[in-house]
Amino acid sequence: MNEIVIKRCINCNHVGRFTPDFLKCNKCGEEGLQVTSMTDEEFCILCDVAPKNNEFRSLMIDLKEKDLIDYQLKMSQFRAHLQQQETSTSQTTNTVRCPRCGSANITAGQRGYSLLTGFVGSGRTVNRCANCGHKWSP
């Protein structure tokens with residue numbers, strides 16, 4: 001497997017992943033790619049923070065070369081932000097929602113008494129949507 005390095009084009013400032021022997025830019029087609037000091041993990045974080053914003057990645061490379069402490073501070077903020085987004089996404093996916101209207105305003109309770117069946121099945125638990133009234137088994 002080929003090693004991947006982060007390179008920047010000296011002609012158009014395009015930043016991307018390349019093999020060490022790759023010499024031409026994917027964007028402008030010109031030769032003149034410079035190997036950067038950015039790791040693949042850092043590149044992935046910047047791509048997640050600002051997708052398709054090549055200028056931002058190029059500025060972050062410049063910041064790493066000029067002020068490493070400020071760069072590391074910003075990268076730790078980006079990591080924390082991405083971790084917070086992942087946590088909120090996982091909490092959203094674990095929320096029970098109504099299959100009819102999608103509301104998260106759900107109550108669970110006993111089925112109750114029916115004139116037709118009496119107390120048969122009254123101990124069974126059902127979910128009720130407080131938005132549309134739909135009932136279903138958990």
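Because only heavy atoms are used, hydrogens play no part in the values below, and waters and symmetry mates are left out as well, while side chains stay in. Fair warning: this is a prediction, and the values are worked out from it, not measured in the lab.
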Heavy-atom closest pair, residues A104 and R97 | CB-NH1, 3.4 Å
Once rounded to the nearest 0.5 Å, what's the spacing between atom [atom1] of [X] and atom [atom2] of [Y]?
| X | Y | atom1 | atom2 | value |
| --- | --- | --- | --- | --- |
| T107 | N127 | OG1 | CG | 7.5 Å |
| F18 | L23 | CZ | CG | 10.5 Å |
| D40 | E3 | CG | CD | 10.0 Å |
| N26 | L33 | CG | CG | 8.0 Å |
| M38 | E65 | CE | CD | 9.0 Å |
| H14 | C25 | NE2 | SG | 5.0 Å |

Shared hydrophobic cluster for [X] and [Y] (ILVMFWY, side-chain gaps under 4.5 Å):
| X | Y | value |
| --- | --- | --- |
| M75 | V15 | yes |
| L82 | M60 | yes |
| L68 | V35 | no |
| L59 | I10 | no |

Evaluate the side-chain proximity of [Y] to [X]: yes if any heavy-atom separation is below 4.5 Å, no if none is.
| X | Y | value |
| --- | --- | --- |
| I106 | W136 | yes |
| V5 | R17 | no |
| Q84 | R79 | no |

Please list, chain by chain and in numerical order, all residues satisfying side-chain contact (heavy atoms from CB on, under 4.5 Å) with P51, sequence neighbours excluded.
-> none
According to the salt bridge (charged side-chain N to carboxylate O under 4.0 Å, His left out) rule, which pairs have a member within residues 23-37, sequence neighbours left out?
->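 Checked against salt bridge (charged side-chain N to carboxylate O under 4.0 Å, His left out) - neighbours excluded - no pair reaches residues 23-37.
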Going by the salt bridge (charged side-chain N to carboxylate O under 4.0 Å, His left out) test, which pairs reach into residues 53-64, not counting sequence neighbours?
->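 Qualifying pairs: R8-D62, E42-K64.
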Is S58 reaching over with its side chain to a backbone N or O of N54, donor-acceptor style, under 3.5 angstrom?
->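 A pair under 3.5 Å: no.
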So, K7 side chain and P20 main chain: donor-acceptor pair closer than 3.5 Å or not?
->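 Confirmed, K7 side chain pairs with P20 backbone.
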Pair T19-D21, side-chain donor/acceptor within less than 3.5 Å = yes
Dump the intermediate steps for side-chain contact (heavy atoms from CB on, under 4.5 Å) on S103 and C132, then the final yes or no.
-> CA-CA 8 Å; S103 171; C132 70; over 6 Å; no
Can we call the ring centroids of F78 and Y71 under 6.0 Å apart?
-> no
